[in-house]
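First comes the structure, then the notes that go with it.
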Amino acid sequence: MSDIEQLPRLHPGRLGALPADVRRPTYARDNLRAGIVHLGVGAFHRGHQAEITEAAIEAAGKVGDNDGLHWGIIGVSLRRPDTRDALKPQDGLYTLALRSASAETLQVIGAVLDVLVAEEDPEIVLDRIAHRDTHIVSLTVTEKGYCHDPATGELNRTDRGIVEDISGVSHPVTAIGYLAFGLRRRMERGLGPVTLLSCDNLASNGDTLRRVLLAFCADVDPALHDWVARCTFPNTMVDRIVPKTTIDDVAHVSRALGLYDAWPVIGEPFFQWVIEDRFAAGRPRWEAGGAQFVTDAKPFEVLKHRLVNGSQSMMAYMGVLAGWQTTDRVIAQPAVQAFISEAMARETQPTLPPLPGLDVDAYRASLLARFSNPALGHRTRQIAMDGSQKIPQRLLAPIRDRIAAGQPFTRLALGVAAWLHFLRGYDEAGNAFQVEDPLAQPLAAVMADAARQSEKLFDARTRERMRVQTITGFAPVFGDLGQSAVFVDNVAAQLELLCAHGVTGALSRVNEAA
Ligand code: CS2
């Protein structure tokens, strides 16, 4: 690393030194003004929304459209200073490296004008949300950032951060608190409503954000509730695989630039962004970067959460258990490839809402290629995080539909069983790992309960059934599914296979049986 750090720092004054094939801002960046506040300025935002915003700004710059230069982004990190610390000396510039198996393209993005750390500068963040130039407040705060109950999508009023923020005694700690108090300041200043744009993988992400934020505001101040109800909350489907940047990536990208970029972002070439066109105060021409505007994004969300994310989660739990560290290694196992293909085609696809014009068979096939991308190094441990927040929309929702239609769901049940097996906190080789999940504690308590209740049962089937019944009784994740005998039976049968034969053995049995 240290030789890399000796390179001159990536900076607007040094763009001319970049190799010719590295794309860079061509618009007059000095004229760029901030119109978007983005909460959660992590790799995904920088690898997705910021790139499309850059394309919109570029397009505006080319035709001399000054209004189009009003969509710069102020990124906000709630707690961690690392993105700010990396980007500040670079005046917000960073590199996006898009990698396929055979090629890499590099682009220096200029759309992020500044990064704030809310915990350090809460007043500045609240003021920025309440600034007259702010028209959109967007979010990628991950599923758990919504402080909702994953099974119902309602505000979790027992969440510690929410309890603290509703009390209003100090600065907010949650994204929901920042939105509410920033918008209250806007209301007090007599400014107009904004668009609140969720870009997280939640079911009906815009509707969910609206529901939790309005519930929060109602508890704080009824007038604020009514004012916030005038904002718009479009649902969006976001898609691009963006793994966590590694030290090797930093070194590789910096060498290619000939300049030190402390925190580039790595992504796959593919991306999709489907947005409901309901903006309270205007928007960038994101279509210039390939965003699709629709009246109802929900069918696209369902497609993506179930086929892309559902498959990723199943591969992640199996991968962690079997010791396959990245998705491309998981999908390279013939048994996994057969399993995921069949799970998508036979169990998930029939649950999808109609999507006129979409060739779902081709979409499925393209996913196998995306998962196989060897240049991404997408770690199974990264995807496996926060399962309690992901499993409901990725696996449990299609299972509910299969049960309602009286259809089998053996493979999806194996996916859920793999998560339960993962929650034990050790892999098939006996290596312990930490379960990173906001509900890790209550889930561990339920797991321990289940083990206690079933330990005296000698028959494996009865034992797994008892265990699964206890665990799936955990309503914040499973809702009422734990009361479904067919659900419990299926998951128990798959958990029994995993316990007895490991991931590979369970996969070959399921692949052969069906
Ligand atoms: C992944 C997603 O970490 C995860 O949960 O499943 O980040 C996934 O890579 C993206 O949603 C793809 O668009």
Side-chain angles (χ1 to χ4, degrees), residues 40-52 96 98-100 139-146 150 198-203 205 235-246 265-275 290-292 297 300-320 324-331 336 340 343-344 348 363-364 366-398 415-416 418-419 422 435-439 477:
V41 63
F44 185 77
H45 169 72
R46 294 197 289 137
H48 187 272
Q49 183 186 341
E51 187 211 6
I52 315 306
L96 174 62
L98 298 182
R99 291 183 184 159
S100 66
L139 298 89
T140 45
V141 290
T142 78
E143 296 85 344
K144 62 176 174 276
Y146 292 77
S198 166
C199 297
D200 283 294
N201 288 314
L202 294 180
N205 54 8
N235 293 301
T236 64
M237 181 268 249
V238 291
D239 195 5
R240 170 169 271 162
I241 298 175
V242 180
K244 197 166 184 256
T245 305
T246 65
V265 181
I266 313 302
E268 61 174 338
F270 177 90
F271 93 95
Q272 208 179 358
W273 194 11
V274 183
I275 314 169
Q292 287 162 258
F300 294 91
E301 286 188 310
V302 171
L303 167 87
K304 196 264 174 169
H305 297 159
R306 295 185 184 187
L307 285 182
V308 183
N309 296 138
S311 303
Q312 285 179 311
S313 285
M314 294 200 285
M315 288 191 290
Y317 297 119
M318 293 178 185
V320 172
W324 304 315
Q325 293 188 354
T326 55
T327 350
D328 58 306
R329 286 218 41 218
V330 185
I331 200 76
V336 177
I340 292 290
M344 290 199 288
T348 307
Y363 181 88
R364 268 196 290 109
S366 74
L367 290 185
L368 294 177
R370 289 174 61 198
F371 298 151
S372 306
N373 187 337
L376 293 175
H378 198 196
R379 299 188 76 75
T380 45
R381 282 291 302 279
Q382 184 185 349
I383 304 167
M385 274 174 61
D386 298 348
S388 67
Q389 315 290 304
K390 296 175 177 174
I391 294 294
Q393 60 278 21
R394 296 181 180 200
L395 298 179
L396 301 183
V416 175
W419 179 51
F422 162 92
V435 174
E436 293 174 64
D437 194 302
L439 296 181
V477 172

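Atoms within a ligand are numbered from 1 in the order they appear, just like the ligands themselves.
R394 and S313 are linked by a side-chain donor-acceptor pair at a separation below 3.5 angstrom, with hydrogens and angles left out of the test. A side-chain N or O of Q325 and one of R379 form a donor-acceptor pair less than 3.5 Å apart. Between the side chains of T142 and D200, no donor-acceptor pair is found at a separation under 3.5 Å. Side-chain contact, K304 with N309: a donor N or O sits under 3.5 Å from an acceptor N or O.
Not a single heavy atom of M385 sits under 4.0 Å from any atom of ligand 1.
Protein heavy atoms are found inside the 4.0 Å sphere centred on atom 11 (O) of ligand 1.
Interface atoms of ligand 1 facing H378, defined by a heavy-atom separation under 4.0 Å, are 9 (O). Using a 4.0 Å cut-off to heavy atoms of R240, the atoms of ligand 1 that qualify are 10 (C), 12 (C), 13 (O). Shown in contact with N201 at under 4.0 Å from a heavy atom are these atoms of ligand 1, numbered in order with element: 11 (O).
The shortest contact between atom 13 (O) of ligand 1 and any protein heavy atom is with D239 OD1, 2.5 Å. In this structure, atom 4 (C) of ligand 1 lies nearest to the protein heavy atom K390 NZ, 3.6 Å. The protein non-hydrogen atom at the shortest distance from atom 8 (C) of ligand 1 is Q312 OE1, 3.1 Å.
With sequence neighbours excluded, the residues that form a salt bridge (Lys or Arg N to Asp or Glu O under 4.0 Å) with R99 are E104, D249.
The N/O atoms of R370, backbone and side chain alike, include none that comes under 3.5 Å of an N/O atom in ligand 1.
Heavy atoms only, all atoms of each residue included: Q389 and Q393 are closest at O-NE2, 3.0 Å. Taking each heavy atom of W419 and S388 in turn, the nearest pair found is CZ2-N, 3.6 Å.
Proximity of R394 to ligand 1, defined as any heavy-atom pair under 4.0 Å, is confined to the side chain (atoms from C-beta onward).
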